[in-house]
Amino acid sequence: MVKIEGGVIKEIAPHMETAAGDQLEDMEGQLITAGFVDVHVHLREPGAERKETIETGTKAAARGGFTTVAAMPNLRPAPDCPETLASIQAKNEESGVIRVLQYASITKQQLGREIVDMENMTTAFAFTDDGLGIQSAGMMLETMQRAAKLGIPVVAHCEDDSLVPGGVMHEGTASKRLGLPGINNVSESVHIARDVLLAEAAGCHYHICHVSTKESVRVIRDAKRAGIRVTAEVTPHHLLLTDEDIKNDDGNYKMNPPLRSEADRQALIEGLLDGTIDMIATDHAPHTAEEKNVSMLDASFGIVGSETAFSLLYTQFVETDVFTLRQLIDWLTIKPAQAFELPYGRFETGAAADLTVLDLQADGLVDPTLFQSKGTNTPFIGWRYTGEPTMTICNGEIVYRKEAVK
């Protein structure tokens, strides 16, 4: 049993005394964990509410067991000045059903030309131009130096634009078979190699988004061994799929970075297991059906992931003894919280009452008609899973409860 008062966990025990008026929930046969933490989501509001809103995106996250998400700055207007950042943060607080931490952009309008007023934007979760790699090494070094003084992380989508002109999927046998332009591995890994050395020089916390290649894993591993303060995330889709799973020219398989080779996928799994990669993050990226149900040449990059992450990972990795349940939960809770020094992701007395209840015996199919997100752009439609969140509690309030099947 768990006793909650004032949004805080007061007691955890097999049995405890209850008083009249106490709210009791029957969790028999289910697992209670700390609420999941996702450091990489796209909520699309303001500017692209046709794809997602803060309300629908956070409801989707809550359905997936997440109680804290960090929202990327790919918005219009972008959070590139103190006033806009504050406005978006206020909207997140007003409309979000769970806790939303807001990234600020590194450059104004995310154009890569002029660094924002970082010193007056210290309420940001971190600084990133996610989706757009910082192409200038000098600009990235200055960003890291200023961020280090502020004690705020720099987070990067790593991609050298000069190496990926027009690519829409991984450069390999599948891209040749489909006749589609490819994105090579080195476009990602060369940026990471540059940035870890810049981070060492600046002394900042540098976090790498959605690692996808074996070369990137090797660079991060070497950087950690050298004592550089670098952390990294991997997405469920890069753990679960490869480019060979793309049988047709289907926009729902288009994402950036793209699905890579089996060798890359295995390197990501090994990187998680040996601690090179610190956490799992969804990169939840909703788009409209019109933007995805087209050729990969024309489709937008990105897939949704908040609502399917735990179930698919549990089924494909825990049920097959590749990961333990404890490892999976740690990568979704305490590991991201520790990396970013957040007071969340902990299931202990005195911690915030952020809880996820899991039914590990439940089974079902990925069904986009049940999604809370506006986006249904996923290649996992119809995948069978075992295990799912049945209740999510944020700050002591129930924000998601699975409805009983009638």
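The number of heavy-atom neighbours closer than 6.0 Å to CD of E348, taken from other residues, nucleotides and ligands shown, is above 12.
At least one side-chain heavy atom of T58 sits less than 4.5 Å from a side-chain heavy atom of L43. Residues R221 and V217 form a side-chain contact, since some pair of their non-hydrogen atoms from C-beta on lies under 4.5 Å apart. When side chains are defined from C-beta on, I183 counts as touching R260, because their heavy atoms get closer than 4.5 Å. At a threshold of 4.5 Å between non-hydrogen side-chain atoms, the residues I280 and V234 count as touching. By the 4.5 Å heavy-atom criterion applied to side chains, P379 and I303 are counted as neighbours.
Judged as a salt bridge (charged side-chain N to carboxylate O under 4.0 Å, His left out), the pairs with a partner in residues 206-220 (not counting sequence neighbours) are, in order, K214-D264. Residues in residues 57-106 take part in these ring-ring contact (aromatic ring centres under 6.0 Å, His included) pairs, two or more places apart or across chains: F36-F66, Y103-F125. Pairs passing the salt bridge (charged side-chain N to carboxylate O under 4.0 Å, His left out) check and including a residue from residues 315-324, sequence neighbours excluded, do not occur.
Here T386 contributes atom OG1 and Q361 contributes atom CD; the two are 8.5 Å apart, rounded to the nearest 0.5 Å.
Scored by the salt bridge (Lys or Arg N to Asp or Glu O under 4.0 Å) test, D354 finds R99 as partners (sequence neighbours excluded). For D130, there are no salt bridge (Lys or Arg N to Asp or Glu O under 4.0 Å) partners at least two apart in sequence or on another chain. For D222, the salt bridge (Lys or Arg N to Asp or Glu O under 4.0 Å) partners two or more places apart in sequence, or in a different chain, are R225. Taking Y314 as the reference, F310 meet the ring pair (Phe, Tyr, Trp, His ring centres under 6.0 Å) condition, with sequence neighbours excluded. Residues passing the side-chain contact (heavy atoms from CB on, under 4.5 Å) test with E114 are K108, sequence neighbours excluded. Considering only residues two or more places apart in sequence or on other chains, T53 meets the side-chain contact (heavy atoms from CB on, under 4.5 Å) condition with E45, E49, E55, T56, K374.
When all heavy atoms of N184 and L163 are compared, the pair lying nearest together is ND2-O, 3.5 Å. Contact record, A353 with I4: CB-CG2, 3.6 Å, taken as the closest heavy-atom pair. Closest approach of D278 to T231, counting heavy atoms only: OD1-CA, 3.2 Å. Closest heavy-atom contact between P336 and L332: CG-C, 4.0 Å. Closest heavy-atom contact between N256 and E159: ND2-OE1, 3.1 Å. Here the closest heavy-atom approach between residue S189 and residue T213 is recorded as CB-OG1, 4.2 Å.
R265 contributes a side-chain N or O that, together with a main-chain N or O of L239, makes up a donor-acceptor pair within less than 3.5 Å. Looking only at distances, no side-chain donor or acceptor of K59 sits under 3.5 Å from a matching main-chain atom of Q372. A donor-acceptor pair under 3.5 Å links the side-chain atoms of K292 to the main chain of G302, judged by distance alone. Side chain of D330 to backbone of K335: no donor-acceptor contact under 3.5 angstrom is found.
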Checklist entry - Which is it for D160 and R194 under the salt bridge (Lys or Arg N to Asp or Glu O under 4.0 Å) test, yes or no, and what are the steps along the way? => result CA-CA 10 Å; D160 187 315; R194 179 200 76 173; over 6 Å; no
Item to check | Check against side-chain hydrogen bond (donor to acceptor under 3.5 Å, both in side chains), D129 and T107 | outcome: CA-CA 7 Å; D129 268 8; T107 64; 2.5 Å; yes
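Checked options V322, L328, L325; the residue passing with F317 is V322 (criterion: side chain to side chain contact (heavy atoms under 4.5 Å, CB included)). Shown are E188, E233, H238; of these, the side chain to side chain contact (heavy atoms under 4.5 Å, CB included) with V211 is made only by E188. In summary, of the residues considered (H157, H284, H237), a ring-ring contact (aromatic ring centres under 6.0 Å, His included) with H210 occurs for H157 alone.
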Counting only pairs under 3.5 Å, give me each side-chain donor-acceptor contact of residues 146-154, with atom names and distances, residues two or more places apart or in other chains.
| from | atom 1 | to | atom 2 | distance (Å) |
| --- | --- | --- | --- | --- |
| R146 | NE | E119 | OE2 | 3.1 |
| R146 | NH1 | E142 | OE2 | 3.2 |
| R146 | NH2 | V116 | O | 3.2 |
| R146 | NH2 | E119 | OE1 | 2.8 |

Pair up each side-chain donor or acceptor in residues 174-181 with any protein partner under 3.5 Å, not counting sequence neighbours, and list the distances.
| from | atom 1 | to | atom 2 | distance (Å) |
| --- | --- | --- | --- | --- |
| S175 | OG | H170 | O | 3.4 |
| S175 | OG | G172 | N | 3.0 |
| S175 | OG | G172 | O | 2.8 |
| R177 | NH1 | K247 | O | 3.3 |
| R177 | NH2 | I246 | O | 3.0 |

Which atom pairs, one a donor and one an acceptor, fall under 3.5 Å between side chains of residues 82-89 and the rest of the protein, sequence neighbours left out?
| from | atom 1 | to | atom 2 | distance (Å) |
| --- | --- | --- | --- | --- |
| Q89 | OE1 | T123 | OG1 | 3.3 |
| Q89 | NE2 | T123 | O | 3.1 |
| Q89 | NE2 | T123 | OG1 | 3.4 |

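Salt-bridge formation is detected for the pair E291/R50: a Lys NZ or Arg NE/NH1/NH2 atom is positioned less than 4.0 Å from an Asp or Glu carboxylate oxygen.
Taking the six-membered ring where the residue is Trp, the centroids of F301 and H287 are separated by 6.0 Å or more.
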